[in-house]
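The next block holds one structure in the form of structure tokens; read it before the comments.
The figures that follow rest on heavy atoms only: side chains count, while hydrogens, waters and symmetry mates do not.
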Amino acid sequence: KSLKQLSGVNAVIQKGIAAADSVFSVIDLSPEKNLGQITHARLEGDIRVSNLNFQYDGSDELALREVNFQAKPGQVIALVGRSGSGKSTLASLLARFYDYHDGSISVDGQEIKDYDLYDYRSQVGIVTQAVTLFNDTVAANIAYGLKRSGRRRQEFSLDQVVGILDLGGLLARAPGTLSGGERQR
């Protein structure tokens, strides 16, 4: 029994070392450049991408080549393409997770690099394919998401959470496990 317990301790130690390595790699990251100074109470969402090229550091090939499109406020667009065609890269550039050097991305007529990074990101939402929910109620997950959206000190009422459930088409659904699309919404 003691030998089994000892081997279990080793597994826990190895997981701890892997977790610590991950944490220290985040701590060691350089701070993001925030050279923008423009803030807005609410962006309208008129997005224009013009002649955008993007290449990852260390790569010889362009991940995006001459991308051009416009999305007007309230308009729904879809990024469609085979795996590796740059859809996630474009979404990451729109959220300013990467800096581009060739071409232009503007929102409401202003180059996104000119916006204060944190103000801009507080108004941008990305729903990835890998959705993480906490083992709690849907309402608690929504309230957590609202708090993480840049409104950290604000408390949210049940009416506000119910309104969001209604917007996401989740208000009238039967209780149970959420589908992938419902989790994203």
Does one side chain, of Asn53 or Glu66, offer a donor that lies under 3.5 Å from an acceptor on the other? yes
Can you tell me how far CG of Leu93 sits from CD1 of Ile112, rounded to the nearest 0.5 angstrom? 7.5 Å
Does a sphere of radius 6.0 Å around CD in Gln14 hold more than 12 heavy atoms from other residues, nucleotides or ligands, not counting ones at 6.0 Å or beyond? yes
Could Glu32 and Arg121 be called an ion pair, given the rule that one side-chain N must be under 4.0 Å from one carboxylate O? yes
Stepwise, does the side-chain contact (heavy atoms from CB on, under 4.5 Å) test hold for Ile27 with Val23? CA-CA 6 Å; Ile27 290 171; Val23 167; 3.8 Å; yes
In terms of heavy-atom contacts, Ser22 and Ser25 come closest through O-OG, 2.7 Å
Answer yes or no: is there a side-chain heavy-atom contact under 4.5 Å between Asn51 and Asp102? no
Donor-acceptor check, side chain of Asp108 to backbone of Gly45, threshold 3.5 angstrom: yes or no? yes
Do you see a donor-acceptor pair shorter than 3.5 Å between the side chains of Asp60 and Gln55? no
Would you name the heavy atoms of Glu44 and Pro73 that are closest together and state the gap between them? O-CB, 3.4 Å
Has Lys87 got a side-chain atom pairing as donor or acceptor with Gly81's backbone, closer than 3.5 angstrom? yes
Taking Ser59 for the side chain and Tyr56 for the main chain, is one N or O donor matched with an acceptor at less than 3.5 Å? no
Would you say Asp116 and Gln37 make side-chain contact, with heavy atoms under 4.5 Å? no
State, to 0.1 Å, how close Ala63 and Thr89 come at their nearest heavy-atom pair, and which atoms those are. CB-CG2, 4.4 Å
Can you confirm if the NZ or CZ of Lys113 lies within 45° of the ring axis of Tyr120 and under 6.0 Å from the centre of its six-membered ring? no
Using side-chain heavy atoms (C-beta onward) and a distance below 4.5 Å, is Asp21 in contact with Ile17? no
Would you indicate whether the side-chain heavy atoms of Val49 and Tyr100 approach each other to under 4.5 Å? no
Connected via hydrophobic side-chain network under 4.5 Å: Phe97 and Leu117: no
Rounded distance (nearest 0.5 Å) linking atom CD1 of Ile38 with atom CD of Glu111: 10.0 Å
Verify side-chain contact (heavy atoms from CB on, under 4.5 Å) between Phe69 and Ile77, making sure each step is shown before the conclusion. CA-CA 10 Å; Phe69 72 88; Ile77 65 167; 3.7 Å; yes
Using side-chain heavy atoms (C-beta onward) and a distance below 4.5 Å, is Tyr115 in contact with Leu43? yes
Shortest non-hydrogen contact from Asp119 toward Thr39: OD2-CA, 3.3 Å
Report yes or no: does Arg48 contribute a side-chain atom to a donor-acceptor pair with the main-chain N or O of Asn68 at less than 3.5 Å? no
Derivation and outcome, side-chain contact (heavy atoms from CB on, under 4.5 Å), residues Ile47 and Leu94: CA-CA 9 Å; Ile47 301 170; Leu94 286 168; 3.9 Å; yes
Specify the closest pair of heavy atoms between Arg96 and Lys33, including all atoms of both residues, with the distance to one decimal. NH2-O, 4.2 Å
Contact between Phe54 and Leu90 at the side-chain level, heavy atoms closer than 4.5 Å - yes or no? no
Using the rule that two of Ile, Leu, Val, Met, Phe, Trp, Tyr join whenever any of their side-chain heavy atoms come within less than 4.5 Å, decide whether Ile105 and Tyr118 are in one cluster. no
In sequence, state the C-alpha distance, the side-chain angles, and the governing distance for Asp46 and Gln70, and then conclude on side-chain contact (heavy atoms from CB on, under 4.5 Å). CA-CA 7 Å; Asp46 183 12; Gln70 178 180 4; 3.1 Å; yes
